[in-house]
Amino acid sequence: MKKLKDIMIEDLFNHKAFPYIYFLVVVAFLHIASFEVFGDDYAVLAGLKDNLWLEIKNLPNICNGWSGRYLINPLIYVMMHFDYRVWFCVEMICFVLMYQLIKKYGLMSDKVPHLFVLSAMMCTLSFVDYYEIGWRVSTMTYIWVAASFMVACLTIVKNYKDENIKWYQMIGILLMTIFSTNKEELSVMGIIIFGVALVMALVKKRRYIVFLVQLGISVGNFLWHLLSPNNQARYERKSFYGAHDYGFFDKVTIGLSSTFRHIVFEHNFAFLCLVIVLIVVVWFATKKILPRFLSFIPLAFWFMTWIPPEFDYIFGTCSVGFRAWVVIICGALALLAIVLCMYYIYGKNEKFIWMTTILVAGFAGRVVVGFANTGWQRYERTYTFLYIAMIVVASVLACDIWKNLTYRKKQLLFGVIITLGNFGVMKNIYDLGII
């Protein structure tokens, strides 16, 4: 064993524990340094019953006239009766769980550089809206639910590895499917992801019954949200004048245009990280002109500017007309360019199909916000699942190409990703008002 004075800094960084520690310290610091009771947290605390038993008896009434989240919202009210440190511990467990699931089933590697890549990309997740709306309510609605959905997707991994799922594991996974798809965005993502899993299982002649059940759960939750009188009451109460005349197609248009505009055209940092990683990976993976050209299309769109959403909202130009379709078409072209680049990297195989499915499902899930309130407000927290999808795609792209790179190219790719991760940390610190 080396003496302390003989240990070099490279030795410390070369331990698998260090990327975990780096990630956990950053996430814990951002939570602790900026935590306060604010926004929805304050509103829920003000409306709590005197004790937990009375709260449990009142749970059936919590969603009335406000929400179709018949599982998520009651959990929030129950958890708010406990000390905030209980929430914090569960919160850290959820982040570790997401990290582990992405590492084990996405990267399928525990090499130290790959762990640093994942840690850095996870640190690009934006926390500002959780702070502004209320840490506990927002994270229970998004982070906890995201972790639950990843657990639900274990059926896909087990199926491809031809591993049996024990009966008690199946019960837990199906419960996580029911719970996670009770969130509007994840019900749509579940339809796409489990639908693709079902089709691929049928084509490959694998077991498919569990995917059929999970797809049915996702569809059921989606229809529940779509037809829920509670959601309709909330929409009518909070929508701006004229929104009540919008039909289903109009709301889909609003969801698409608002999503593409915020991600692609409003200098979104998460999308920038994905695009930069994509460019580096494509240029290292192939010398073909077309994919290299395509890799710069999303970045070119990212540098374009549009009328700020605040102007749209104030002056009523948040419409479903021509300009909305221009945004949709340009955003779709940026997404298509990313998909084509991944095709050139992976070819027409299952990895390409799943990478595309995850990314498209993330965008499609965000579209349901077009059915909420005006649909045009920023709702930064509603991009959580899309951000996580982009983090997964960027991390997998970087790690999949790693083994084929020269030492110098590995240094460059690693340096780019670590820089993006550290910039994400500093951005969160600044946005949260810590400094």
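With sequence neighbours excluded, the residues that form a ring pair (Phe, Tyr, Trp, His ring centres under 6.0 Å) with Tyr20 are Tyr99. Listed by chain and number, the residues in a side chain to side chain contact (heavy atoms under 4.5 Å, CB included) with Lys403 amount to none (sequence neighbours excluded). The salt bridge (Lys or Arg N to Asp or Glu O under 4.0 Å) test applied to Lys104 returns no partner, not counting sequence neighbours.
Closest non-hydrogen pair, Ala398 versus Ile417, comes out as CB-CD1, 3.5 Å. Listed here is the closest heavy atom pair of Val145 and Met140: CG2-O, 3.5 Å. The minimum heavy-atom distance linking Lys166 with Tyr168 is given by the pair CD-OH, 2.8 Å. In terms of heavy atoms, Ile173 sits closest to Leu154 at CD1-CB, 4.3 Å. Nearest heavy-atom pair across Ala197 and Phe211 is O-CD1, 3.6 Å. For the pair Val275 and Ser295, the tightest heavy-atom approach, listed with the atom from each and the gap, is CG1-O, 4.3 Å.
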Q) Please walk me through it: do Glu36 and Tyr131 pass side-chain hydrogen bond (donor to acceptor under 3.5 Å, both in side chains)? A) CA-CA 8 Å; Glu36 62 177 303; Tyr131 160 73; 3.0 Å; yes
Q.
Applying side-chain contact (heavy atoms from CB on, under 4.5 Å) to Leu115 and Phe23, what does each step give before you reach the verdict?
A. CA-CA 10 Å; Leu115 297 180; Phe23 170 67; over 6 Å; no
(Q) Between Leu198 and Phe194, is the side-chain contact (heavy atoms from CB on, under 4.5 Å) condition met? List the steps. (A) CA-CA 6 Å; Leu198 176 62; Phe194 296 127; over 6 Å; no
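Look at Glu91 and Arg136 and you find no salt bridge, because none of the NZ, NE, NH1 or NH2 atoms lies under 4.0 Å from a carboxylate O.
Contact of the Arg69 side chain with the Glu184 side chain is registered, since non-hydrogen atoms from C-beta on lie closer than 4.5 Å. By the 4.5 Å heavy-atom criterion applied to side chains, Cys273 and Met390 are not counted as neighbours.
Remark: side-chain polar atoms of Glu55 are not paired, donor with acceptor, to backbone N or O of Val78 under 3.5 angstrom. Side-chain N or O atoms of Asn51 include one that pairs as donor or acceptor with a backbone N or O of Leu54 at under 3.5 Å.
Counted within 6.0 Å of CG on Asn404, heavy atoms from surrounding residues, nucleotides or ligands total more than 12; the atom is thus considered enclosed. Residue Phe88 places its CZ atom among more than 12 non-hydrogen atoms of other residues, nucleotides or ligands, all under 6.0 Å distant. Annotation for Lys287: atom NZ does not count as buried by contact number, only 12 or fewer foreign heavy atoms lying within 6.0 Å. With a 6.0 Å radius and a threshold of 12 heavy atoms from other residues, nucleotides or ligands, Phe423 has its CZ atom at or below the threshold. Within a 6.0 Å radius of NZ in Lys204, other residues, nucleotides and ligands contribute 12 heavy atoms or fewer.
Ring pair His262/Phe271: centre-to-centre distance not below 6.0 Å. Between Trp354 and Tyr105, a ring centre-to-centre spacing not shorter than 6.0 Å is recorded.
The aromatic rings of Phe352 and Tyr343 lie perpendicular to each other, with more than 60° between the two planes, well past the 30° mark. Ring-plane geometry between Trp283 and Phe296 is classed as perpendicular, the angle between the planes exceeding 60 degrees on a 0 to 90 degree scale with a lower cut at 30. Using a 30° and 60° split on the angle between ring planes, Phe301 and Phe265 fall in the perpendicular class, above 60°. Between Phe95 and His31, the ring planes are perpendicular. Angles over 60° get that label, and only those under 30° would be called parallel.
Distance check: Leu405 CG to Phe414 CZ gives 13.0 Å after rounding to the nearest 0.5 Å.
In summary, the side chains of Tyr70 and Asn221 do present a donor paired with an acceptor at a separation below 3.5 Å, with no hydrogens or angles considered.
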